[in-house]
2 protein chains.
Amino acid sequence: MLQLTKRTEYGLLALVHLADREGAVASVREICERYPLPKRTVAEVLKDLQHAGLVDSTRGSSGGYTLARAPEQVTLGDVVRALEGAPPLTTCESPIVLKGGGCEVQPMCPIKSPIQRVRERLWQMLEHTTLRSLVSSGPHVSLGAPGAVESN
Amino acid sequence: MLQLTKRTEYGLLALVHLADREGAVASVREICERYPLPKRTVAEVLKDLQHAGLVDSTRGSSGGYTLARAPEQVTLGDVVRALEGAPPLTTCESPIVLKGGGCEVQPMCPIKSPIQRVRERLWQMLEHTTLRSLVSSGPHVSLGAPGAVESN
DNA sequence: TCCAAAGCGCACCCAAAAGGTGCTAATTGC
DNA sequence: GCAATTAGCACCTTTTGGGTGCGCTTTGGA
């Protein structure tokens, strides 16, 4: 579908929040009080980001998450890779199909290389867009009243 | 998932085939004899491309499809738009959510503009990649034995 | 010492999207 | 008339994405 998933969206919002907190721990509850997001799903996402090494977690009653790196060293590509994997643009690039030495419609597949070029440039863009640029760009409004989802 | 659908992939292959035929009509059967693709689905896709004005169709026993424009005037963007629509990268750009005048997590959504920039640049790439560049790039192998799906 | 608040892990469910098929026209050349 | 083709539904199946149930572990503070 050529679009980012909600998980990625949630992850980016969470990371932006962490960046704003500048090293202080932030809990899932806190993030979901700022943005009207489903608590549990955000927790899942944060857990995945932790596994990917993008955030550190501390457990316990005053626990939460912190950025594992500086905002300028986290890219959109990192986040997408952590939460969606780095999928091929078309199936003819997938490892499963490629294992035979070429794509399914090979050796007569003419669209592969330009498609790959587009894909590579897309990933270049993702890799060059840092969390810092997300943080510093928005209208950056102060904390507001949250919505409510689930128990939240 | 940040990848093109199979429908788009099929559409591109079909269009490349039509471009190779240089004006001569090509039937779905012919396309599926060249590439091992499901006949019916390719037919669906071609129909959609016809509705989008990218191909012309002629019915009847010797009918089929032809390109409606020159290969250099058909872009990846055209094809994706015809077969997938032009979806937003994140839900906070979708018209449904925006109808209230801003995205769901507004006015405190900080990730919107950089994401939109990435999206716009992606579409620029898609709009600048023409069918011609797909045709002229591949190793351009001669027609080979097809696989088989369904009746095909 | 206990309890509440937080993260951890697994499994599961629901809904939407994507891919594909059945069937029946309508058209057209032979 | 017949065969080959596109046209237009409607429907099914699989996959993916989003979300939840439930119980466990960790930790700070009353």
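A, B, ... follow the sequence lines: proteins, then strands. Residue 1 opens every chain.
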>> Taking side chain to side chain donor-acceptor pair (under 3.5 Å) as the cut-off, I'd like each qualifying pair that reaches into residues 54-70 of chain B, sequence neighbours left out, listed once.
In response: B:Arg69-B:Asp78
Can you name the atoms? Protein N/O to nucleotides 10-12 of chain C N/O, anything below 3.5 Å, with the distance.
from, atom 1, to, atom 2, distance (Å)
C:dC10, N4, A:Glu44, OE2, 3.4

>> In whole Å, I'd like the distance from the CD atom of A:Glu33 to the C1' atom of C:dA5.
In response: 13 Å
> Expressed in angstrom and rounded to an integer, what is the separation of B:Lys39 atom NZ from D:dT6 atom C1'?
Replying inline: 12 Å
> Can you name the closest pair of heavy atoms from B:Leu18 and B:Ala26 and give their distance?
Replying inline: CD2-CB, 3.5 Å
> Which atoms form the tightest heavy-atom contact between A:Ala68 and A:Gly53, and what is the distance?
Replying inline: CB-O, 3.4 Å
> Where the side chain of B:Gln50 is concerned, which of D:dG18, D:dA7, D:dG8 is the nearest nucleotide?
Replying inline: D:dA7
> How many Å lie between OH on B:Tyr65 and P on D:dA4, as a whole number?
Replying inline: 17 Å
>> Can you measure B:Leu2 atom CG to C:dA18 atom P for me and round it to whole angstrom units?
In response: 13 Å
>> Is there a side-chain contact between A:His51 and the phosphate of C:dC8, meaning an N or O under 4.0 Å from OP1 or OP2?
In response: no
>> Could you check whether any side-chain heavy atom of A:Trp123 comes within less than 4.5 Å of a side-chain heavy atom of A:Val80, counting everything from C-beta outward?
In response: yes
>> Less than 4.5 Å apart, side chain to side chain, heavy atoms only: is that true for B:Thr8 and B:Thr5?
In response: yes
> In terms of hydrophobic clustering (I, L, V, M, F, W, Y; side-chain heavy atoms under 4.5 Å; direct or indirect links), are B:Val55 and B:Val25 co-clustered?
Replying inline: no
> Ignoring hydrogens and geometry, is there a side-chain-to-backbone donor-acceptor pair from A:Thr129 to A:Met125 under 3.5 Å?
Replying inline: yes
> What is the distance, rounded to the nearest whole Å, between atom CG of B:Leu49 and atom P of D:dG8?
Replying inline: 14 Å
> Taking for each residue the nucleotide of DNA chain D with the nearest heavy atom, is it B:Ser27 or A:Arg7 whose nucleotide lies nearer the 5' end?
Replying inline: B:Ser27
>> The test is side chain to side chain donor-acceptor pair (under 3.5 Å); show your working for A:Glu72 and A:Thr130 and say whether it passes.
In response: CA-CA 5 Å; A:Glu72 41 280 326; A:Thr130 69; over 6 Å; no
> Rounding to a whole Å, what distance do you find between B:Lys6:NZ and D:dT14:P?
Replying inline: 16 Å
> A:Glu9 has an atom CD; how far is it from atom C1' of D:dG18, in whole Å?
Replying inline: 12 Å
>> Using the side-chain heavy atoms of A:Arg29, tell me which of these nucleotides is nearest: D:dG19, D:dT5, C:dA6.
In response: C:dA6
> Going by heavy atoms closer than 4.0 Å, what residues in residues 52-62 of chain A are next to DNA chain D?
Replying inline: A:Arg59, A:Gly60, A:Ser61, A:Ser62
> Is there a side-chain contact between B:Leu15 and B:Leu134 (heavy atoms, below 4.5 Å)?
Replying inline: no
> Can you tell me how far P of C:dG19 sits from CD of B:Gln3, to the nearest Å?
Replying inline: 9 Å
> Does B:Tyr10 have a side-chain nitrogen or oxygen under 4.0 Å from the phosphate oxygens OP1 or OP2 of C:dG19?
Replying inline: no
